[in-house]
Every structure is written in structure tokens, then in C-alpha cells.
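The structure appears below as C-alpha cells.
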2 protein chains.
Amino acid sequence: MRAICLRLQYEGTNFFGFQSQPGKRTIQGVLEETLSNLVSEEIAVYGSGRTDRGVHALGQMVHFHTKSPIPPAHFAYVLRRMLPDDLLVLESYEVPLTFHARKDACWKTYRYQIDSQRVPDLFQRRYHTHVPGLQLDLQAMKQAANFLLGEHDFTSFCSPKTTVLDRRRTLYQLLIQTHALGWQIEITGNGFLYNMVRIIVGTLIQIGKGERSAEQVPNILQARDRQAAGPTMPPEGLILMEVGYQPWMDEN
Amino acid sequence: MRAICLRLQYEGTNFFGFQSQPGKRTIQGVLEETLSNLVSEEIAVYGSGRTDRGVHALGQMVHFHTKSPIPPAHFAYVLRRMLPDDLLVLESYEVPLTFHARKDACWKTYRYQIDSQRVPDLFQRRYHTHVPGLQLDLQAMKQAANFLLGEHDFTSFCSPKTTVLDRRRTLYQLLIQTHALGWQIEITGNGFLYNMVRIIVGTLIQIGKGERSAEQVPNILQARDRQAAGPTMPPEGLILMEVGYQPWMDEN
């Protein structure tokens, strides 16, 4: 038995999210079916985390166990030929049998992309949320971001559907930048709750538009109440960019 | 009765080309149906030219006649709300009743995009043809391009299905450039025959790969035989970038 890790990309548009659901096209479902066919065993795929319906990934990580003698690096090559073109395996390699894509993840980076042009970019429309004419006060947003950095209970910034009990998470970096089509917000943390990135972005945008002040952020955190924070932004602008593991991983 | 001109963009992926066909989703078909509903008249839409199934446009021009009192600039605004998101009207304005989007076009620019990375860019895959590892001799291709510039009979560079009898066309500019993902070829001319850009690109790539020499181009032209030229490249890398009209058009 060996453990294989895959680094993969997907366009979320035509998937019902990462997690397997009966009768729905999901990333986990397509991967498990394709791998099971390839190695003629029942394969279970474990991701670094779920992504919601419509959310994209440029650096998702998954692992699985197999008895197959296929050389680890060949999985990427073979899977690129077998998988649909909105699901792309960048590389595959062997990891210790104790490795777990979710439990061993140290940090993740998400990017949220907004096209603020009057008329949206046709070729980028699937990867940006269109908010025409959006103007943002970067100073106020950076001040708000500083209140969010570090360890906090993010109950106010996750969906009420969240089942996890411990809502403390640590944010390491929060970058707000302009780009050719509008704005992008990159958030790195040790883990993210259900809808957390999309609610943080929705709240930062309210602050950037002057609808509420950066000084409210500590109160929002303290409230531990979803109603205290801003709206959940749509999924199409969200991309899982990278998942980080311990340095020893790089030596494998 | 007034004539209205639309400048529009589309992603060709999910269209059966520009021209109306019964039971098929086409750009002309969707535009005519949507406009007819909007103004409650039977509207006929005339394009600057057809684009094939799978070909994109960032600057297609069409015109139509209508009795509607809708202010010309409002058509773009209203149509953006009515049309599907792979068909985008950039602007609309009134033109003289004698204006014809195809007959009055003076020049057109097409771009052909190739992703030559080993693994294709996920978010750009619909707008690039993937030719992994493609290396090109730019000097040879520029030499070949020089043979193609100017007025020629392009019978060798069009589909045998072409019904037009006069196959003389004039190429004004032919640019071969590298870009972040690979290569792009931009061709400007007074008009293009059926599959002409895709066959020119296929022939230039053969020359860039050293499979044939630039000096053969005059013979290929002279042959007036489709068999003499290179292959027809796939449609997904092709984009109609711009259609040019007489300067007086800008004053309207």
C-alpha cells in the first residue's frame, strides 16, 4: 500500500463543489471514479479541505492510498489524459502512509477576484465577481485587515451551518490589491471555516465603501454572531491558490 | 426606420458559429430572437462576417434596421441584461440607413493564440489552442509572413468549401509574437476567406517548426490548391479582434 499526493486545479463552474454527493458532479466524485477505474480498486480521495459549489482551485491538494504499481509521478500524466478539461492534475508524488492532505495542512491561501469594470471582461467572467464601478478606500480596508490578523474566534465570519465547534483560526496575511480588471484580496491562514473567506471579503468591501468603519471589526469578532458581519460574496470570484505543508514535505 | 450598429463580444465555445441555423444556438440566431422580442418586430441582423463554430470575437460588428423609438445607445444597455453571459454588447449607435456591417468593412484583425506550456493554463484553455512544447523559428516565420503580405489569390489558403469566386485578398499586417503562455499571431487584412486565418497559421507553424521553408510560400500561393498549404488549426485559439470602417464612421 502506498500513499499518493496530487496537486490539482479546477474550474468550479460546472461542479457541485468538492465533496462527493450522490448523483452530482463533484471534484471528489470525479477523482474517485477516475482513479478507481485506473487502478481497478475502490479509491477514497481526501482533500486539504472542501471548496463550495462554484469555487475554483489553482493549488488544491489531495491524497489517496493504493496498491497500484504505477510509478507515483505517472499518475499526473495518466490522469491528465483521463480527466475532463476543467479538472487538471499538475503533479503527483508519493508521501508517507501517515500523510493526510487536510490534517497536515499548515496554511492555505485564497484569492478573491473582483471585476469592477462597467462591462465585465468576457474571457475572465467565470473567475471574477462583477461589481461595476466598485471604488474602495484601501486605507480603511487595510486598517480593518489588521484587526483580523492573528488568532480569533471567527464565529461571526462563518455560515450558521458550520458544524465545527472550535472556530478559532489564525490569519497570517491579508493583502488588498488592484489589478487590471479591478480588485483582488488574498488571505492566508492556518484554516478557514465554512464561507469564511467570502464573508471576510463581504465585510471588507462594506468598510472599503464606507458603509461601516474599520473600528467595528473588533466588535464584529467579539459578537460571535453571523449577523454582525457583512454579506457572503458570490463563489465565482474565489480561488484556492495554495496549500502549505511542513518543510519536510518538500524533501519528499 | 433607423439603422443601429452593435459592437459585440462572444465566447464561441457554446455557439454553432455566427450564422443562423435551424435548431442550433448561433450568435445571429440569439441576437435576432432577443432583438425581435425587445422591439416586437421581426429583426434581421447582419454581421461584418461569419465566424466558425468555436471561434471567439472581442470586436465583432453587426447592424440591423428597426422602427423602435429606443434611443440608439440604450440598446447596448438593455441587451446586456437580456443576452446570455457569453454574448456581450459593448456599444450601440445609430448609423446611416445605407450602412452595411459587411460591405462597408475596410479591414479586420484576427488573433490566433497558442498555449505552448506542458500543462495548459486552466482559466485560458477556452481561448488558446494547446500545443505543448511548441518551439518556433521566428525569423523563418517573419520571412514567410512577408511573402503573404499584400494582394494575392488565397485559394490555397481557404477551405475547398469556399463558394466565393474572387479569392484575391490583401493582407496589411502579420505579427508573430510570444506572450505569457506561448505564441500569438495577429493578421490584419481587407477580408478573409473561409478558414483562411486558421490555414495561414497552420502553414506558418509548419515553417516555424522547420517542416517546410519560407521560400515555399510563393509556390503555395501560386498553386491555388488547398492541398499545397498547411493544416487548418483548431477554432478555439481564434479571436476576431476588430473590424475597421471608413473614417467617416467615427464621426457618427
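Just the heavy atoms: all of them, side chains too, but no hydrogens, waters or symmetry mates, feed the values below. The chains referred to below are lettered A, B, ... by the order of the sequence lines, with proteins before strands, and numbering in each begins at 1.
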query = Between atom CZ of A/R126 and atom CZ of B/R126, what is the distance when rounded to the nearest 0.5 Å?
reply = 3.5 Å

Pairwise distance OH(B/Y77) to CZ(A/R118) - rounded to 0.5 angstrom = 10.0 Å

ask   = Between B/F123 and chain A, which part of the residue has a heavy atom less than 4.5 Å away: side chain, backbone, both or neither?
value = both

Residue part contacting chain A, namely of B/L8, when any heavy atom lies under 4.5 Å = neither

Does atom [atom1] of [X] have more than 12 heavy-atom neighbours, drawn from other residues, nucleotides or ligands, at distances under 6.0 Å?
X: B/Q135; atom1: CD; answer: no
X: B/Q21; atom1: CD; answer: yes
X: A/R25; atom1: CZ; answer: yes
X: A/Q177; atom1: CD; answer: yes

note = Most contact-rich option vs chain A, by heavy-atom pairs under 4.5 angstrom, among B/L88, B/D85, B/D86, B/L58, is B/D85

